[in-house]
Amino acid sequence: MRLRHKPWAKEFIEEHPEYVISSPCQKNTSWKEIFNNNNPLYVEVGTGKGKFLDNMSVKYPDINFVGIEKFESVLVTGVQRVLETKPANLKFIHGDVNDLLEYFNVGEIDRLFINFTDPWPKKRHEKRRLTYKSFLSLYEQALRPHGEIHMKTDNQGLFEYSLESFSKYGMKLKNISLDLHNSNYDDNVMTEYEEKFSKKGQRIFRLEAYLSTK
Ligand code: SAM
């Protein structure tokens with residue numbers, strides 16, 4: 001992904017603590033307290049410019065959403081977006097998915113979304129893929145028992161790798177689609193990258209994964 005450096009992004013983000021939790025060590029608090037309700041918590045890792053979660057937050061007002069994005073210059077667009085739409089049920093974390101357990105308590109997340117994350121096709125970069133086993137272990141800890149991971153990608157290689165990675169980890173898979181936009185799944189909310197890739201005619205792959213034994 002090409003990043004445009006925005007030197008003002010850091011300050012802009014810091015000016016909006018109502019939407020971006022900038023020091024997200026949540027061990028002593030819970031997201032229920034932050035949102036001030038007991039609604040379920042859905043998290044997107046690598047949220048980018050936040051379009052998916054912004055639309056999800058409108059469609060599902062009784063669910064709390066949190067997006068994690070590591071680059072300020074990308075996240076800032078999400079912050080600008082929510083300053084317009086003003087959702088009460090959406091917050092962002094400026095941070096790294098590797099630190100997931102700094103941001104969430106064990107078993108706190110109800111559902112996790114992995115949308116169009118970087119495929120890191122080179123074998124030597126396998127550990128960076130957000131469906132590598134070390135990430136699955138973080139997700140397992142942060143998810144509630146039977147919590148689900150929903151993944152979408154345009155990248156067949158990453159999708160095939162992820163099917164195997166989830167499965168080797170002991171997760172069960174369901175609702176697998178090899179061509180989401182030509183399937184009977186009618187609950188889809190598009191992400192920024194999904195719009196971009198599907199306009200180019202690329203197929204979208206989707207799966208749901210969960211641990212049945214937890
Ligand atoms: N999910 C969005 C979508 O579907 O439009 C954005 C997809 S974009 C290709 C992937 C995003 O994940 C980038 O904005 C990148 O900075 C972010 N990302 C990648 N690895 C990350 C990590 N370890 N922690 C937080 N964000 C990460």
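For ligands, and for the atoms within them, numbers begin at 1 and follow the listed sequence. As a basis for the values below, the full set of heavy atoms in this structure was taken, side chains included, without hydrogen atoms, waters or symmetry mates. Because the structure is predicted, anything quoted here is derived from the model rather than measured.
The pair K59-D187 meets the salt-bridge criterion, since a charged nitrogen lies less than 4.0 angstrom from a carboxylate oxygen.
Within the 6.0 Å centre-distance limit, the rings of F159 and F205 are counted as a close aromatic pair. Ring-centre distance between Y42 and F65: below the 6.0 Å cut-off.
When each atom of ligand 1 is checked for a heavy atom of F71 under 4.0 Å away, the hits are 16 (O). In summary, the atoms of ligand 1 found under 4.0 Å from a heavy atom of F116, numbered by their order in the structure, are 4 (O), 7 (C), 8 (S), 9 (C), 10 (C). Close approach to E192 involves these atoms of ligand 1, each under 4.0 Å from a residue heavy atom: 5 (O). Each of the atoms 24 (N), 25 (C) of ligand 1 lies under 4.0 Å from some heavy atom of G95. If you number the atoms of ligand 1 from 1 as listed, the ones under 4.0 Å from a heavy atom of T191 come out as 3 (C), 4 (O), 5 (O).
Between T117 and ligand 1, no N or O atom pair is found at a separation short of 3.5 Å. Not one N or O of E194 is nearer than 3.5 Å to an N or O of ligand 1, by distance alone. Considering both main-chain and side-chain atoms, N98 never comes within under 3.5 Å of ligand 1 through any nitrogen or oxygen pair. Backbone and side-chain nitrogen or oxygen atoms of V97 are examined, and one is located within less than 3.5 angstrom of a nitrogen or oxygen of ligand 1.
Nearest-residue assignment for atom 13 (C) of ligand 1 (options E69, R129, E195; heavy-atom criterion): E69. Here atom 6 (C) of ligand 1 lies nearest to G46 when heavy atoms of G78, P119, G50, G46 are compared.
Surrounding CD of E164 are at most 12 heavy atoms belonging to other residues, nucleotides or ligands under 6.0 Å away. Within 6.0 Å of atom NZ in K168, 12 or fewer heavy atoms from other residues, nucleotides or ligands are found, so the atom counts as exposed in its surroundings. Heavy atoms of other residues, nucleotides or ligands lying less than 6.0 angstrom from NZ of K10 number 12 at most.
For the residue pair I176 and L207, the shortest heavy atom distance occurs at CG1-CB, 4.2 Å.
Within the 4.0 Å heavy-atom criterion, the part of D118 lying near ligand 1 is the side chain and not the backbone.
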With side-chain contact (heavy atoms from CB on, under 4.5 Å) as the criterion, how do S137 and Y169 come out once you've worked through the C-alpha distance, each side chain's angles and the decisive distance to 0.1 Å?
CA-CA 8 Å; S137 168; Y169 192 83; 3.4 Å; yes
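No heavy atom of R128 sits closer than 4.0 Å to any atom of ligand 1.
When only modelled atom types and interatomic distance are considered, E194 and N115 share no side-chain donor-acceptor pair under 3.5 Å.
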